[in-house]
Amino acid sequence: MTYDSDRIEALLEEGVRDKVYPGAVWAVGDSTGIRAQGTTGVLDPDQPDVPMRTDTVFDAASLTKILAVWSSIGALWEDGTLDLDQPLGTIWLEVTGHPLGAVTTRQLLTHTAGVPLRAQLKNLYGTNAEDIRSGVLHEPLHRPPGQAVEYTDRAALILGYLAEHLSSQPLDQLAATRTWHPLGMNSTRFGPLPDEIAARCAPTELDQETDTHLKGTAHDFSARLLGGVCGIAGVFTVLDDLVAFLRYMLDASASRTRAGFGTKWTAYSLTIQTGELHPARGMFWHPAPGTTAEQDVWVHYGFTGTGMWVSPTKDRWAVLLTNKLYYTRDRGPLTDVRNAFRGLAFR
C-alpha cells in the first residue's frame with residue numbers, strides 16, 4: 001500500500017488547530033485489516049483533558065444510508081425479494097396509484113427518482129410518524145423520474161420504508177440482523193444512546209432548546225422526529241465497526257460470517273448507474289471528488305463530519321470520523337481536509 005501516515009496526521013492536526021473539528025479518528029487499510037490509524041484532538045473542547053480515542057462513538061449521520069439502508073436493500077436484492085427496476089406501485093400497495101408508484105428502487109438509489117429535494121417533514125406533515133409516512137409516500141414528484149441526478153434525503157427515507165415493508169421488520173432490527181450482528185459491528189446502533197454509551201460519543205451541534213451540544217442523540221432533525229430510527233440518519237458507530245463493514249465489502253469471502261449482502265451487490269453498486277447524467281453516481285455511493293474512473297475510489301459522507309471511502313481496484317478503504325458540527329455547518333474547510341485525506345490515503 002502507498003500512503004503517508006505522517007502527512008495524514010499532520011493534515012488532521014492542522015484541522016484541529018484551525019478549529020475545523022475538535023478531533024478526528026482515522027484509519028486506512030485493505031481487505032486484510034487496518035494498515036494505519038490514528039487519533040487527534042479532543043472529544044469535547046469543554047473537556048480539554050479528554051482526547052479522541054479509537055473507540056469514540058460518532059453520530060454517523062448520512063452514513064446511515066449505507067450502513068442501514070444500502071446494506072438492507074442489497075440483502076433483499078440478493079435474496080431475490082426485490083427487482084431494482086420494478087415500479088414500486090407493482091410491489092407496494094401503499095404507493096400504488098400515487099406518483100411514487102412509477103419510481104423504481106434503482107432510481108431512488110441513484111438519486112434520479114425525482115422526489116422532493118428537502119425533507120421538511122414537520123413543516124409538511126406534522127409530528128405524527130404515520131402522518132409523515134403517508135405524506136412522504138403520497139407526495140407529488142419534484143420532476144419526472146430518470147431526468148436528473150439530485151441528492152435528496154427522501155430517497156433513503158423511502159427505501160427504509162420499502163425495506164421494512166418487504167422484510168416485515170423495523171429498519172433497526174433488519175440492519176442489525178442482516179448486517180451489523182453478522183459482521184460483529186456490535187457498537188453500531190440507532191440512537192438515542194444509553195447514557196453510558198453517550199458518554200463516549202463525540203458531541204455535535206449546540207441544541208438551542210437545551211443549550212448543550214447534542215451527544216448520543218442524532219443531530220439530524222428528521223431522525224429525531226421519527227424517534228431516532230429512519231433511513232436518512234440516526235445511526236451511531238465506531239471506527240472498528242466501519243472497518244469490519246468496509247473489509248467485508250472488499251472481500252466477503254474472508255469473513256467468517258456472511259451478511260445479507262455480498263460481493264455481487266457491492267460490485268454492482270460501485271459502478272456508474274446514471275448513464276450520461278451528471279454528477280455520476282453508483283447506488284448510493286459516488287466517485288470520490290478529484291478521482292478518475294481508473295482509480296475506482298468511491299465515497300459516502302455524513303453531515304456531522306464522517307466519511308468512508310472504498311476502492312475494489314486498489315483493495316483499499318479509508319475512514320475519517322470527525323465532529324465538525326461542534327463548530328460550524330460550513331462545509332468548505334472539512335471538504336478541503338477530506339479531499340486531502342483521500343489523496344494521501346489512496347496514493
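Side-chain atoms are counted along with the backbone in the values below, which use heavy atoms only and exclude waters and symmetry mates.
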Going by salt bridge (Lys or Arg N to Asp or Glu O under 4.0 Å), name the residues that satisfy it together with R7, two or more places apart in sequence or in a different chain.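 R7 satisfies salt bridge (Lys or Arg N to Asp or Glu O under 4.0 Å) with no other residue.
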
Tell me, please, which residues at least two apart from R342 pass salt bridge (Lys or Arg N to Asp or Glu O under 4.0 Å).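 Here no residue qualifies.
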
Is any side-chain heavy atom of [X] less than 4.5 Å from a side-chain heavy atom of [Y]?
X    : Y    : answer
R178 : F261 : no
F58  : L239 : no
S222 : D153 : no
L157 : L121 : yes
P279 : H286 : no

With distance as the sole test, does [X] use its side chain to make a donor-acceptor pair with the main-chain N or O of [Y] at under 3.5 Å?
X    : Y    : result
R338 : T306 : yes
S72  : V69  : no
Y161 : L137 : no
D220 : A233 : no
N323 : P203 : yes
R281 : Q273 : no
K215 : T204 : no
W180 : D172 : no

I'd like to know if the side chain of T188 pairs up with that of D241 as donor and acceptor (distance under 3.5 Å, no hydrogens or angles considered).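 Looking only at side-chain atoms, D241 and T188 do form a donor-acceptor pair, the distance falling under 3.5 Å.
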
With no hydrogens and no angle check, just 3.5 Å: does a side-chain donor-acceptor pair link D296 and W298?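 Side-chain D/A pair, D296 to W298: present.
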
For [X] and [Y], work out which heavy atoms get closest and say how close.
X    : Y    : answer
M308 : L63  : CG-CD2, 4.2 Å
Y327 : Y21  : CE1-C, 3.4 Å
A68  : L171 : O-CD1, 4.1 Å

Does the separation of the ring centres of Y268 and W77 fall below 6.0 angstrom?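 They qualify: ring centres under 6.0 Å apart.
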
Using the side chain to side chain contact (heavy atoms under 4.5 Å, CB included) rule, pick out the option among [options] that qualifies with [X].
X    : options               : value
S71  : L174, T179, L183, I66 : T179
S62  : F284, Y301, Y151      : Y151
W317 : L242, V297, I34       : I34

So K314 and D30, salt bridge (Lys or Arg N to Asp or Glu O under 4.0 Å) or not? Walk me through it. CA-CA 8 Å; K314 291 179 174 289; D30 55 25; over 6 Å; no

Got a sec: does the CZ of R53 have more than 12 other heavy atoms crowding it under 6.0 Å?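 Counting other residues, nucleotides and ligands, CZ of R53 stays at 12 neighbours or fewer.
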
Test side-chain contact (heavy atoms from CB on, under 4.5 Å) applied to L84 and T104, step by step: CA-CA 6 Å; L84 299 182; T104 68; over 6 Å; no

Could you give all pairs that pass the salt bridge (Lys or Arg N to Asp or Glu O under 4.0 Å) test and reach residues 245-266, with sequence neighbours left out?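 Residue pairs with at least one partner in residues 245-266: E78-R258.
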
Pair W26, T322 - check side-chain contact (heavy atoms from CB on, under 4.5 Å), show working. CA-CA 9 Å; W26 67 275; T322 79; over 6 Å; no

What is the ring orientation for H213 with Y326, classed by angle as parallel under 30°, tilted 30 to 60°, or perpendicular over 60°?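 The arrangement is parallel - the two ring planes meet at less than 30°.
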
